[in-house]
J.: 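Handing you a structure now.
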Amino acid sequence: MYDNWEELEKSIEECKKCKLCNNRNNIVFGEGNKEADLMFIGEGPGADEDKQGIPFVGKAGKLMNEAFKGLGIKREEVYIANIVKCRPPQNRVPEEAEAVACLNYLRNQVILVKPKIIVLLGSTALKNILGKEYGITAMRGKWIEKKGIKYMPTWHPAALLRDENKKIEFWKDLKEVANNLNKM
Ligand code: URA
């Protein structure tokens, strides 16, 4: 673990810890306020993110941006990262070995940011951060507190593109997050 961003960012530059390195154009490290109270964790970069090296800039990112706007949150105020930092082929779910290889980078990011709230976007984020026993359908919208951090699991924005009803729940969960943040 590194106690500063420079060393952490340098340590990942040539990462070859898993096979996702073979096809990447860019490592999508994460972006945003490095002292944010609120952090978002997604699954992994898609094609647009891989091209630009920035998380959530494609279709799912547009939804995130709309949500931020609706909540009165500026995107640059929060910190955004993913379970894996290189794009899985065809946007498949990251394999166990890929997630495990990458997770220490994310853990280090969480330690440095010190967020009060982490929104877990979808099943991959939930299972890799809080444990395989958790399911997103049962857990979304419910706070889970661990080691002084409050976690809010919700749908991954890509799921909203496939199911309109999930939009309502996603919005409700993020409203709950914004309300809590305002009280902190
Ligand atoms: N989906 C994710 O989970 N992360 C991104 O950065 C983009 C799409």
Side-chain angles (χ1 to χ4, degrees), residues 8-9 12-13 15 17-21 23-34 36 38-69 71 73-110 113 115 117-130 132 134-137 139-141 151-164 166-167 169-171 173-174 177:
L8 175 59
E9 282 170 27
I12 197 172
E13 268 171 17
C15 184
K17 287 189 183 173
C18 83
K19 62 180 181 293
L20 296 181
C21 68
N23 296 310
R24 75 173 170 231
N25 290 302
N26 283 294
I27 293 173
V28 181
F29 178 71
E31 82 157 3
N33 177 3
K34 289 173 172 163
L38 178 58
M39 181 162 173
F40 289 81
I41 299 179
E43 179 173 295
D48 296 300
E49 290 78 18
D50 173 64
K51 248 180 242 151
Q52 297 184 43
I54 302 168
F56 286 103
V57 288
K59 268 193 199 156
K62 293 214 169 72
L63 276 172
M64 291 297 294
N65 292 344
E66 279 175 31
F68 291 140
K69 215 169 164 189
L71 294 166
I73 292 173
K74 291 205 182 77
R75 185 176 158 126
E76 56 275 20
E77 282 170 7
V78 306
Y79 194 84
I80 308 173
N82 282 306
I83 295 296
V84 293
K85 298 190 171 0
C86 298
R87 183 189 181 200
Q90 282 83 47
N91 300 341
R92 64 158 170 73
V93 174
E95 291 171 3
E96 173 79 11
E98 295 160 355
V100 168
C102 212
L103 265 173
N104 267 346
Y105 295 125
L106 182 61
R107 289 197 186 99
N108 208 151
Q109 285 169 298
V110 172
V113 174
I117 295 175
I118 297 181
V119 177
L120 300 170
L121 298 166
S123 168
T124 300
L126 173 62
K127 286 183 183 294
N128 281 289
I129 299 295
L130 293 181
K132 297 280 178 274
Y134 290 102
I136 192 69
T137 309
M139 291 314 296
R140 69 135 280 278
Y151 294 88
M152 173 59 79
T154 190
W155 300 118
H156 188 284
L160 314 181
L161 299 167
R162 299 186 290 263
D163 181 348
E164 277 291 315
K166 288 186 174 150
K167 266 195 187 170
E169 292 173 338
F170 178 75
W171 179 245
D173 299 344
L174 292 191
V177 166

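All of these numbers come straight from a predicted model, not from anything done at the bench. Remember, it's 1-based here, ligands and their atoms both numbered in the order they're listed.
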J.: Below 30° counts as parallel, above 60° as perpendicular, anything between as tilted: where do the rings of F40 and F68 land?
T.: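 Because their plane-to-plane angle is over 60°, the rings of F40 and F68 count as perpendicular.
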J.: Whether the E31 and Y79 side chains hold a donor-acceptor pair (N or O, under 3.5 Å, no angle test) is what I'd like checked.
T.: no
J.: Taking atom NZ of K59 as the centre, report whether more than 12 heavy atoms of other residues, nucleotides or ligands fall under 6.0 Å from it.
T.: no
J.: Are any non-hydrogen side-chain atoms of I117 and M39 less than 4.5 angstrom apart?
T.: no
J.: Which atoms of ligand 1 have any heavy atom of E43 under 4.0 Å away?
T.: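 That gives atoms 2 (C), 3 (O) of ligand 1.
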J.: Using a strict threshold of under 4.0 Å (side-chain N to carboxylate O), is an ion pair present between E49 and R87?
T.: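 Salt bridge absent between R87 and E49.
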J.: Any idea which protein heavy atom is nearest atom 2 (C) of ligand 1, and the distance to it?
T.: G44 O, 3.1 Å
J.: For ligand 1, note which part of E49 has a heavy atom under 4.0 Å away: side chain, backbone, both or neither.
T.: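 Under 4.0 Å from ligand 1, E49 contributes side-chain atoms alone.
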J.: For ligand 1, is there an N or O atom under 3.5 Å from any N or O atom of G46?
T.: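 No: no nitrogen or oxygen of G46 is under 3.5 Å from one in ligand 1.
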J.: Check ligand 1 against G42 and write out every atom of the ligand that is under 4.0 Å from a heavy-atom position of the residue.
T.: 3 (O)
J.: Can you report which non-hydrogen protein atom sits closest to atom 1 (N) of ligand 1, along with the distance?
T.: H156 NE2, 3.3 Å
J.: Distance to 0.1 Å, residue and atom name: give those for the protein heavy atom nearest to atom 4 (N) of ligand 1.
T.: N82 OD1, 2.8 Å
J.: Could you list which atoms of ligand 1 come closer than 4.0 Å to a heavy atom of P55?
T.: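 Near P55, meaning under 4.0 Å from one of its heavy atoms, ligand 1 has 6 (O).
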J.: Determine whether the side chains of N26 and D50 contain a donor N or O and an acceptor N or O closer than 3.5 Å.
T.: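 Distance-only check fails for N26 and D50.
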